[in-house]
Amino acid sequence: MLPKVYDPKPVEDKWSELWQKEKLFVSTVDKSKKAFVVVIPPPNITGALHMGHALNNSLQDSLIRYERMTGKEAYWVPGTDHGGIATQNVMEKMLRAEGKTKEDLGREKFLERMWVWYGECGGTILNQLRKLGCALDTSKDNVRFTMDETRAGSVFEAFRTLWEKGLLYRDERMINWCTRCETALSDIEVEYEEEKSKLWHIHYPLENGSRGLVVATTRPETMVGDTAVAVNPEDPRYKVLIGKKLKLPLTDRLIPVIGDTEVDLEFGTGAVKVTPAHDPLDFTIGQRHGLETIQVIDFNGKMINCPEKYKGKSVQAARKEILEDLKTGEFLEKEEQYKHSVGKCDRCKQHIEPLVSEQWFVKMKDLAAPAIAAAEKEEVKFYPVSWKKPFIDWLKNIQDWCVSRQIWWGHRIPVWYCLDCDKNTLPYVAGAASARTGESGVLLPGSRKGSNPILSMNTPEKCPKCGGHDLIQDPDVLDTWFSSALWPFSVFGWPKKTEELNYYYPTSVMVTGYEIIYLWVARMVMSGLEHMGRVPFSHVYVHGIIRDKHGKKMSKSLGNGIDPLTMIEKYGTDAMRFTILSQAIGGKDIPFSEEALVGGRNFVNKIYNVSRFIQMNLPETPRVMSAVPEDLELADEWILERYNKTLEKVRVSMTDYDIPASVGALYSFLWDEFCDWYLELAKPRLETADKYRVLGLLLHVFGGTLKALHPFMPYVTEEIFASLKPYLGSDKPFLLKEPYPGGGKTGSVNTEADMKKIMDIITQIRMVRAQLEISPAKNINALITSANEKDLELLKKHPGYITRLAKTDKLDIAPGLAKPPHAVTSLSGPFNIYIPVDGVVDLEKERSRIAKETEKLTAELFAADTRLQNENFVSHAPKEEIEKITLRKADAESRINRLREIAKDLAL
RNA sequence: GCGCGGUUAGCUCAGCGGUAGAGCGCCUCUCUUACACAGAGGAUGUCACAGGUUCAAAUCCUGUACCGCGCACCA
């Protein structure tokens, strides 16, 4: 006999290995079949998978397996992402642990280490995905990487196309700079967080030293880079000062007062210090008024171009000193408590420094327009729809995308410069190794205007203009999202016109968390339309974020993270998949706790034990037994009906990507209906001549349920299916090869209603047993009677159901039965149920039971009656509703009357 | 400031026009040979608040409060 408790580990190891070995998940171009394609959101190679990945991939796997079983050529394309800054930070951290920096290694050696890391981490991730049961063919030649050779080709092609269309350009702008990661970031890589700070009011005197203007600022340290003070030209307080010169405190510079309508009269003092080099708004004001831009903070976050005493100091240190000096000089007039949100690097949480710098940008407006149209026409359809509007709104307000990053790990910008042609325009310093670029010879961050970029995938042989060989490549790499944006077609070899690309593109659905809709989904849609002329996927299935049980984001620093692999160890993959799939409702965040897994584990165990029970009853010599027999009796028809309806519910839910509804339907069918009722009713029949017909149906329904559950819980279903296969008559090597069940026809219309009547009687008797504390071991007798003989026909056909499940010994079913002297009574629909009890009935208990019941029914009667009395209800409500209420009223009346009679009896 | 969610049993959440549901927890009984990771039964809810629409509202509309999340602003 098999053990009572299911042990997932050996089962999971066995099958995940076999699936890969037998190439179960391989997809090939098959034009006779409709393709169902999902491209994996490639996990960053930054470490182990987390709960978010578990959710994301469980959802995708469910879809892929489901669609494959419905007969589509389902292909789930595996891969990983190099993950730019995030991964480089991981490596830098590892180096730090060794007491090294990336500069110690130099660019080349550093990248070598990164590739070794890719080998390790990428492998780990694939391993973990296999453990999760993912239907991904992880053989080497099928796994993509955003930085492998093919993908590099895609990136170059995209870069070249955009460049040639003038959609990619280099310009000097104010960008977000992370002084920790030492790179520029795009706007969406900045997180804003509310912080408590101060608003400092500083007096800027007039040229002659007399009372000037008071500015309010949160960043006093930038004042050494001020080149003006702006006021609103309509401001009566300051209008007259426009054009006057102010003496910039702590320096000997004079700066003008300018008028600019962007200045808000209400805010602060109504006078703004203008630091074009370090504030986005000031930058535009500066451009408008032709102000000088003085960079006083460098790319390391240190002060430059300022009075000697602040030079080289960090921003924080400089702020402190400058404030002290302002106080000493009596320039500081006020300190106000102030809350404002501050930009932070989404990778390292360091404060973002707005800096002016020359970077590569992608022009977005033209790219966004077709994407907006596609979303509006729902060529890209969001599930849930509520993401449609935010998606479109974001695209409508899109800004150009800064795509250059000053890090080493990534696709190097495919642009070279000729040091001969451009020796006067390039900020090039030959010789000494550069810490920033890790190369000898430095291309400084300054302007390269006037130089001629040479576009080339590989190092050009020579300068096409002068034939010179002294070429230097742009030191920057591309934003990691640049390659991600191409993923839905780069995975199929684009720009090569491969057969795969032709067959699999556009893909079916993109499954992703809402946190990367703009960062990623929007860019894929734009790229797909731009480079392929078609949207990359027709559906976007948006899911939420896994949070801790209190709704807090899981994070390392909070220590509230749950490791999916530990959970798999403890509860099994199927249990974890079931749990998170059940909770992934409507794209909402999922509060997750370990306790929730218990339910999943129990369900897996339940499934396993059903199979134990069935197997116990099977003949030792296997033969095909699964069948829907002729001459079904009520319970058989009922379970088939429930089975068919459940499968239909699953089918409908799946078209809506409502996986929790699918999983939930199967759960309650198997547990509440199949196990709790049908199996219990089948047990005695297994001892009779009926045995093989019952077994046939048990196998049919359970086998089908296993298939239906397989997309969600692949391991346990595969394992059980394998052991039942000879009885089920399947010749398929794996469950995934089986067609998804469904489409069965339903039985007679009365089946469910009839069964419900019997179930209710059973429940009533059980209730009496429980209330009277009659031991389950003890059999009792019951009398069931009704005024209408016809009602009893149904029960007479199936006395065994009641005998078995209510554990009655002797069961009398007849019209007009009188209540035996020592008996308790219960009502079920039109039936009076009398249960004779030993000794004397506790009259008090019985009376109060009946009183309570009467009370409930009276309330019901009153409610029904009130509605029926209401003319409006009768004239407006649909017929069926009125009928329903009428019946309810009659039922309540009948029961109340019957209860009254019994009460009368009891009084005697 | 704009937008999007949420507010239902002790907890976590379904339901989204026709008599309030699940899982977990709690209470009672049962190791009845598939399963105690189980079975049977039970208790527990002014469905945030205020208006409105409707014969009928947890469900639709409007507003309010609180919680969360985006986006914008942030001198």
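Worth saying up front: this structure is predicted, and the values here are computed from it rather than measured. Below, chain A is the first sequence line, B the second, and so on; all start at residue 1. Atoms considered below: every heavy atom in the structure, side chains included; atoms not considered: hydrogens, waters and symmetry mates.
For the C1' atoms, the distance from B/C16 to B/G6 is 14 Å, rounded to whole Å. Taking atom P in both B/G52 and B/U12, one finds a spacing of 33 Å when rounded to whole Å. B/A20 and B/G63 have their P atoms separated by 28 Å, given to the nearest Å. B/A14 and B/U54 are spaced 31 Å apart, taking the P atom of each and rounding to whole Å. Distance check on atom P: B/G3 versus B/U62 gives 12 Å, rounded to whole Å. On the P atoms, B/U7 is 14 Å away from B/C61, given to the nearest whole Å. Here the separation of B/A48 from B/U59, taken at their P atoms, is 8 Å to the nearest Å. Across B/G18 and B/A58, the matching C1' atoms stand 13 Å from one another, rounded to whole Å.
Base pairing annotation: B/G3 forms a Watson-Crick or G-U wobble pair with B/C69, both donor-acceptor distances under 3.5 Å. Of the nucleotides present, B/G39 is the one that pairs with B/C29 by Watson-Crick or G-U wobble criteria, both distances under 3.5 Å. Shown here, B/U59 forms no base pair; nothing in the strands shown gives a Watson-Crick or G-U wobble contact with both key distances under 3.5 Å. Summarising the base pairing, B/U46 is matched to no nucleotide, lacking a Watson-Crick or G-U wobble pair whose two defining distances lie under 3.5 Å. Using Watson-Crick or G-U wobble geometry with both donor-acceptor distances under 3.5 Å, B/C24 finds its partner in B/G10. Remark: B/U19 base-pairs with no nucleotide; criterion is Watson-Crick or G-U wobble with both hydrogen-bond distances under 3.5 Å.
Here the nucleotide nearest the side chain of A/Tyr667, chosen from B/G42, B/A34, B/G23, is B/G23. The side chain of A/Lys588 sits closest to B/G5 out of B/G5, B/C37, B/C35. Minimum atom distance to the side chain of A/Asp676 is reached by B/G39, of the listed B/C69, B/G39, B/U32. The listed nucleotides are B/C55, B/C24, B/C13; the one nearest the side chain of A/Pro591 is B/C13. Comparing B/C74, B/A38, B/G41 by their closest approach to the side chain of A/Trp671 singles out B/A38. When distances run from any side-chain atom of A/Tyr338 to the nucleotides B/A34, B/U19, B/C74, the shortest one goes to B/C74. When each of B/C55, B/G41, B/A34 is scored by its nearest atom to the side-chain atoms of A/Pro878, the top-ranked nucleotide is B/C55. In the set B/U32, B/C69, B/G18, the nucleotide with an atom closest to the side chain of A/Arg547 is B/C69. Among the nucleotides B/C74, B/C37, B/A14, the one closest to the side chain of A/Asn602 is B/C37.
As a whole-Å value, the separation of A/Asn609 CG from B/C37 C1' is 9 Å. Distance NZ (A/Lys339) to P (B/C74): 18 Å, rounded to an integer number of Å. Distance CD (A/Glu880) to C1' (B/A56): 15 Å, rounded to an integer number of Å. The distance between atom CG of A/Leu618 and atom C1' of B/A34, rounded to the nearest whole Å, is 12 Å. Taking atom CD of A/Glu595 as the reference point, atom P of B/C11 lies 14 Å away to the nearest angstrom. Between the CD1 atom of A/Ile585 and the C1' atom of B/G5 there is a distance of 15 Å, rounded to whole Å. Atoms CG (A/Leu199) and P (B/C74) sit 13 Å apart, rounded to a whole Å. The distance between atom CH2 of A/Trp387 and atom P of B/C69, rounded to the nearest whole Å, is 13 Å.
Each of A/Glu189, A/Glu195, A/His351 was scored for a side chain to side chain donor-acceptor pair (under 3.5 Å) with A/Lys344, with one residue passing: A/Glu195. Of the listed residues (A/Met713, A/Glu719, A/Arg601), just one forms a side chain to side chain contact (heavy atoms under 4.5 Å, CB included) with A/Asp574, and that residue is A/Met713.
A salt bridge does not link A/Lys756 to A/Asp760: none of the charged side-chain nitrogens sits closer than 4.0 Å to a carboxylate oxygen.
Environment of CD in A/Glu191: crowded, with over 12 heavy atoms of neighbouring residues, nucleotides or ligands closer than 6.0 Å. In A/Lys553, the NZ atom is not crowded: 12 or fewer heavy atoms of neighbouring residues, nucleotides or ligands sit closer than 6.0 Å.
Among the heavy atoms of the strands lying under 4.0 Å from A/Arg766 are primed sugar atoms or P, OP1, OP2 only; no base atom is included. At the heavy-atom level, A/Arg219 lies nowhere under 4.0 Å from the strands shown. At a threshold of 4.0 angstrom between heavy atoms, the contacts of A/Asp393 with the nucleic acid are absent. The residue A/Val263 sits close to a base: some heavy atom pair falls under 4.0 Å. When heavy atoms are screened at a 4.0 angstrom cut-off, A/Glu515 is found touching no nucleic acid atom at all. Across all strands shown, A/Val5 has heavy atoms under 4.0 Å from base atoms, whether or not it also approaches the sugar-phosphate. Looking at heavy-atom distances under 4.0 Å, A/Leu679 makes contact with a base. Residue A/Asn397 is classed as having no contact, given no heavy-atom separation below 4.0 Å to the nucleic acid. Nucleic acid contact for A/Lys553: none, since no nucleic acid atom lies under 4.0 Å from a heavy atom of the residue. Residue A/Thr763 is classed as a sugar-phosphate contact, given heavy-atom separations below 4.0 Å to backbone atoms only. The residue A/Ala863 sits apart from the nucleic acid: no heavy atom pair falls under 4.0 Å.
Between A/Lys852 and A/Cys675, the one whose closest nucleotide on RNA chain B sits nearer the 5' end is A/Cys675. Residue-to-nucleotide proximity on RNA chain B shows that, of A/His876 and A/Ile762, the 5′-proximal contact is made by A/Ile762.
Note on A/Asn872: every side-chain N or O is 4.0 Å or more away from OP1 and OP2 of B/U54. Between A/Lys4 and the phosphate of B/C31, there is no side-chain N or O to OP1/OP2 separation shorter than 4.0 Å. Between A/Lys389 and B/G70 there is no side-chain N or O to OP1 or OP2 distance below 4.0 Å. For the pair A/Lys606 and B/G39, the criterion of a side-chain N or O lying under 4.0 Å from OP1 or OP2 is met. Dashed line: the shortest gap from a side-chain N or O of A/Arg888 to OP1 or OP2 of B/U19 is under 4.0 Å.
Note that A/Lys606 lies outside the cation-pi zone of A/Tyr667, set by a 6.0 Å cut-off to the ring centre and a 45° limit from the axis.
The distance from the CD atom of A/Glu594 to the NZ atom of A/Lys570 is 3.5 Å, given to the nearest 0.5 Å.
Two residues are said to be in side-chain contact when any heavy atoms from C-beta on lie closer than 4.5 Å; A/Phe391 and A/Val540 fail this criterion.
Looking at A/Asp589 and A/Tyr514, their side chains do bring a donor and an acceptor atom within 3.5 Å of each other. A/Arg612 and A/Asn609 are linked by a side-chain donor-acceptor pair at a separation below 3.5 angstrom, with hydrogens and angles left out of the test.
For A/Arg612 against B/C35, a side-chain-to-base donor-acceptor contact under 3.5 Å is absent. Contact of A/Ser341 with B/C74 (side chain to base): a donor-acceptor pair of N or O atoms is detected under 3.5 Å.
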